[in-house]
Amino acid sequence: MDKFAIKKRKVPGDWKSERRAGGGRESKPDPDLSDPARGEGNPESFGNDAGGGAGGPGPPPPLTLLSTDVRPVWRHVAAEGLDCDYAVIFTRSEADDIFLRLEEELEYFSGDLSRVQVYGKWYQIPRKQVAHGDPRLTYKYSGVTLSPKPWLPVLERIRERVRETTGHVFNFVLINRYQDGKDHIGEHRDDERELEQGSPIASVSFGASRDFVFRHGSARGGGSRRRQGRLEPIKLLLEHGGLLLMNHPTNVHWYHSLPVRKRVLAPRVNLTFRKVLRLSKN
DNA sequence: CTCTTTCAATCGC
DNA sequence: GGCGATTGAAAGA
């Protein structure tokens, strides 16, 4: 039973007023996959629905749908100690272009920065990873200290859209690339000790849609699958051009993961923007 | 020194 | 195909 605790909300950032084009269908995340290089629908719409004109219930979509009319449709995701907002913030054509540039321009870490020791054995991390950000910042991940590469135009473009939609300015981005559904990341919390107090983490996705799962700390491990421990996992579908804002205190008690999905054949690039405090000591 | 937290692969169902 | 349980060395508080 997948509980999709998703409700509509107004606006966490700057977008004036929410408006929708077609009938108000409550869209629940579709656990099915979706390939990134699919043909197009409306090239200037965000991926939130668009009613799909063909045979959908409700009134027909408006004839004139100008791109300037379209605003992200935010969904609020809430549970005990969990507070997130999700919206597709890039049009399909914007996201396609950005994804292409990311694939062309990013150079991922290799060697020691891409290996991790688990239960005494060393593994390549089951994904690719790289960090970009302001000079002299560092971020520790699984024991290794990541020094960011300088910003690239495509990354600043994404960061600027995130600023427009959330009001937050981030100085660091950790990028993970999942080649296909076999690439994944295990359950973890993001280390907030080296982040600005109470600042959110902005997770932006391009390419293949992937399931994303939150689990409460108390619902994990040894003897914790008891009777009414009613903190069910919360599953989201992160889409091409989508932004998931993870607000404090989500990362304190909730773990998240990107599980294996063997039916997914296409790559996904995810960027988690952060406000990092610490500077490298030289 | 002690205690807590962390990561990914494998196996069983 | 997916999920829960299981496996420990290293780092940090």
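None of these values were measured; they are calculated from a predicted model. All chains are named by letter (A, B, ...) in the order of the sequence lines, taking the proteins before the strands, and each is independently numbered beginning at 1.
Geometrically, A/Arg220 engages A/Tyr255 in a cation-pi contact defined by less than 6.0 Å to the ring centre and at most 45° from the axis. Note that A/Arg189 lies outside the cation-pi zone of A/Trp254, set by a 6.0 Å cut-off to the ring centre and a 45° limit from the axis.
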With ring pair (Phe, Tyr, Trp, His ring centres under 6.0 Å) as the test, would you mind laying out the steps for A/Phe273 and A/Phe172 before giving the verdict? CA-CA 6 Å; A/Phe273 290 87; A/Phe172 187 98; 9.7 Å; no

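Within the 4.0 Å cut-off from OP1 or OP2 of C/dC3, at least one side-chain nitrogen or oxygen of A/Lys235 is found. Between A/His184 and B/dA9 there is a side-chain polar atom (N or O) within less than 4.0 angstrom of OP1 or OP2. Taking 4.0 angstrom as the limit, A/Arg193 places none of its side-chain polar atoms (N or O) nearer than this to OP1 or OP2 of C/dG12. At the phosphate of C/dC3, neither OP1 nor OP2 sits under 4.0 Å from any side-chain N or O atom of A/Arg215.
B/dT5 atom P lies 15 Å from atom CG of A/Asn251, rounded to whole Å. Taking atom CG on A/Asn176 and atom C1' on B/dC7, their separation rounds to 14 Å, with Å as the unit. If you take CH2 of A/Trp122 and C1' of C/dA9, they are 10 Å apart, rounded to a whole angstrom. Rounded to whole Å, the distance from CD on A/Gln124 to P on B/dA9 is 10 Å. Put simply, CG on A/Leu258 is 15 Å from C1' on C/dC3, counting in whole angstrom units. Here C/dA11 presents its C1' atom at 15 Å from OH of A/Tyr141, a figure rounded to the nearest Å. Look at CZ on A/Arg220: it is 11 Å from C1' on B/dC7, rounded to the nearest Å. In this structure, CD of A/Glu187 is placed 8 Å from P of C/dG4, rounded to the nearest angstrom.
Counting all heavy atoms, side chain and backbone alike, A/Leu237 lies closest to A/Tyr86 at O-OH, 3.6 Å. A/Ala202 and A/Leu243 get closest at one heavy-atom pair: CB-CD1, 3.7 Å.
Remark on DNA chain C: of its neighbouring residues A/Lys140 and A/Pro259, the 5'-side contact belongs to A/Pro259, judged by nearest-heavy-atom nucleotide.
Distance from the side chain of A/Tyr255 is smallest to B/dT6 among C/dA13, B/dT6, C/dG8. For A/Arg189, whose side chain is taken as the heavy atoms from C-beta onward, the closest listed nucleotide among C/dA10, C/dG1, B/dT5 is B/dT5. Of the candidate nucleotides B/dC7, C/dC3, C/dA10, B/dC7 has the atom lying nearest to any side-chain atom of A/Tyr119. When distances run from any side-chain atom of A/Ile185 to the nucleotides C/dG1, C/dA9, B/dA8, the shortest one goes to B/dA8.
Within 4.0 Å (heavy atoms only), A/Gly143 reaches no atom of the nucleic acid at all. As judged by a 4.0 angstrom heavy-atom cut-off over every strand, A/Arg127 is placed among residues touching the sugar-phosphate backbone only.
Stacking annotation: A/Tyr123 is not stacked on the base of B/dA8 (requires ring centroids less than 5.5 angstrom apart and an interplanar angle below 30 degrees).
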